[in-house]
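For the single chain, residues carry numbers from 1 onward in sequence order. Note that the coordinates shown come from a computational prediction; the quantities given were computed from them, not determined experimentally.
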Amino acid sequence: MSISTPGGPERRPTVVSTGKKPAAGRPAAAEKPATKAGATKPGGGKGPRAGAGGKGRKPVTPVKVSQGRSWGPIALFVAVGVLAVGIIGIGAWAVYQGAQPWQKRADAIDGMTDFRKKDKDLVKGGNHQPGTIKYDVSPPVAGPHNQAWQNCMGDVYDAPIANEHAVHSLEHGTVWITYRPDLPADQVAKLKSKVQGKEKLMLSPYEGLDKPISLQAWGFQLKVDNADDGRIDEFIKTLRVNASIEGPNALCDQGVTATGTTPRDNLQQNMPEQPTQ
């Protein structure tokens with residue numbers, strides 16, 4: 001019995017060839033519908049308005065490549081910081097030291113003798129006597145003295161001076177530096193540079209010293225072996241003016257400028273009166 005196809009002769013479905021033959025035993029793949037214009041293409045391809053009205057591909061986060069730290073600038077920064085802290089620390093310590101009472105700073109000078117503690121009668125001051133005076137301490141640091149003081153405006157004397165005038169200068173706040181006459185010239189030159197032209201300082205040779213250099217202030221004495229000893233500057237800084245028992249305005253000019261160990265009682269001059277304290 002034959003079956004006829006309605007509507008006319010027998011028809012066959014139209015087949016679109018893909019150009020590929022199906023694998024053996026497998027049916028041919030169904031035909032895929034054509035892609036519409038503007039739609040997202042398979043595989044992430046974009047049409048004219050890809051991503052509009054839908055989710056597009058997520059942006060790729062760039063990967064940072066780690067580069068080693070540059071230690072040079074860091075080390076320099078640390079070094080500068082340490083140096084700055086050190087400078088600040090030293091400055092703060094200097095300010096602290098300067099703010100301390102001068103007597104406390106004097107006590108800290110190694111090897112210095114404080115006659116103010118040993119003999120309080122010796123350092124009373126104000127005892128003027130004519131003629132030659134015998135002193136138990138050599139060079140003298142205090143005690144009775146001549147009414148005239150030795151000029152102490154940074155004077156450098158090339159010969160010994162009278163103790164009696166020098167002690168009066170100490171009472172006014174002077175630091176008197178003495179040295180053995182045989183001290184080498186370069187050492188003497190260093191002492192001169194510390195004294196010359198500076199008020200309340202004076203320098204002179206002194207016979208019979210048991211140390212090459214001896215420094216005196218009113219009631220204080222320090223003996224050292226050479227002019228490079230750092231305690232010399234500390235002694236001057238601490239005791240010049242401060243050791244005065246007549247106040248900072250006690251005169252250092254208009255004094256005796258002559259050398260010689262004999263006190264000049266016949267000065268033939270009127271010494272200026274000291275300012276009232």
Side-chain angles (χ1 to χ4, degrees), residues 90 93-125 133-145 150 152 154-157 160-161 163-196 198-245 248 252 261:
I90 293 172
W93 175 250
V95 171
Y96 167 73
Q97 288 289 86
Q100 292 186 90
W102 68 266
Q103 295 95 331
K104 186 174 182 180
R105 288 185 279 124
D107 289 341
I109 299 176
D110 185 44
M112 187 179 70
T113 303
D114 184 350
F115 289 93
R116 297 190 181 200
K117 295 178 179 178
K118 294 180 65 174
D119 189 348
K120 293 184 178 180
D121 289 335
L122 178 67
V123 297
K124 285 182 177 178
I133 300 173
K134 182 181 179 181
Y135 294 97
D136 295 331
V137 179
S138 181
V141 296
H145 48 270
Q150 194 76 23
C152 42
D155 294 80
V156 173
Y157 298 99
I161 58 178
N163 287 333
E164 294 80 2
H165 298 310
V167 172
H168 196 159
S169 299
L170 298 182
E171 189 182 46
H172 288 194
T174 295
V175 168
W176 176 29
I177 302 179
T178 57
Y179 60 92
R180 285 177 181 168
D182 62 351
L183 189 70
D186 64 322
Q187 291 279 293
V188 176
K190 289 179 180 180
L191 295 176
K192 286 182 178 180
S193 68
K194 298 177 185 296
V195 171
Q196 206 157 30
K198 299 171 184 176
E199 187 176 356
K200 301 290 176 77
L201 287 173
M202 62 185 186
L203 174 71
S204 70
Y206 197 96
E207 297 282 353
L209 289 179
D210 57 355
K211 285 275 190 176
I213 300 169
S214 181
L215 294 88
Q216 290 67 230
W218 184 263
F220 298 94
Q221 188 172 68
L222 174 68
K223 296 182 178 182
V224 298
D225 292 320
N226 63 77
D228 298 309
D229 195 310
R231 293 173 296 170
I232 295 176
D233 291 338
E234 192 62 30
F235 187 97
I236 294 171
K237 178 182 177 181
T238 303
L239 298 173
R240 184 170 71 100
V241 181
N242 286 331
S244 171
I245 59 171
C252 244
T261 57

Flag side-chain contact, heavy atom, 4.5 Å: [X] against [Y]:
{"X": "Met112", "Y": "Gln221", "value": "no"}
{"X": "Arg240", "Y": "Thr174", "value": "no"}
{"X": "Val137", "Y": "Phe115", "value": "yes"}
{"X": "Trp102", "Y": "Leu239", "value": "yes"}

Parallel, tilted or perpendicular for Trp218 and His145, by the 30°/60° rule?
->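 Plane angle over 60°, so perpendicular.
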
Hey, could you give me the [atom1]/[atom2] distance between [X] and [Y], rounded to the nearest 0.5 Å?
{"X": "Ile213", "Y": "Arg231", "atom1": "CD1", "atom2": "CZ", "answer": "10.5 Å"}
{"X": "Leu222", "Y": "Asp229", "atom1": "CG", "atom2": "CG", "answer": "7.0 Å"}
{"X": "Ser169", "Y": "Leu201", "atom1": "OG", "atom2": "CG", "answer": "11.5 Å"}

For Lys194, what residues pass the side chain to side chain donor-acceptor pair (under 3.5 Å) criterion, not counting sequence neighbours?
->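 Lys194 satisfies side chain to side chain donor-acceptor pair (under 3.5 Å) with Asp233 once adjacent residues are dropped.
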
At their closest point, which heavy atom of [X] faces which heavy atom of [Y], and how far apart are they?
{"X": "Ala217", "Y": "Val175", "result": "CB-CG2, 4.4 Å"}
{"X": "Ala166", "Y": "Ile161", "result": "CB-CD1, 4.1 Å"}
{"X": "Gln216", "Y": "Pro140", "result": "CG-O, 3.6 Å"}

Regarding Trp176 and Ser204, is there a side-chain donor-to-acceptor distance under 3.5 Å anywhere?
->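 Their side chains do contain a donor-acceptor pair, which is all the 3.5 Å distance test asks for.
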
Set of residues satisfying salt bridge (Lys or Arg N to Asp or Glu O under 4.0 Å) with respect to Asp119, sequence neighbours excluded =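 Checked Asp119 against salt bridge (Lys or Arg N to Asp or Glu O under 4.0 Å); zero matches.
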
Not counting sequence neighbours, list each pair that qualifies as a salt bridge (Lys or Arg N to Asp or Glu O under 4.0 Å) and has a residue in residues 169-182.
->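 Sorted pair list comes back empty.
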
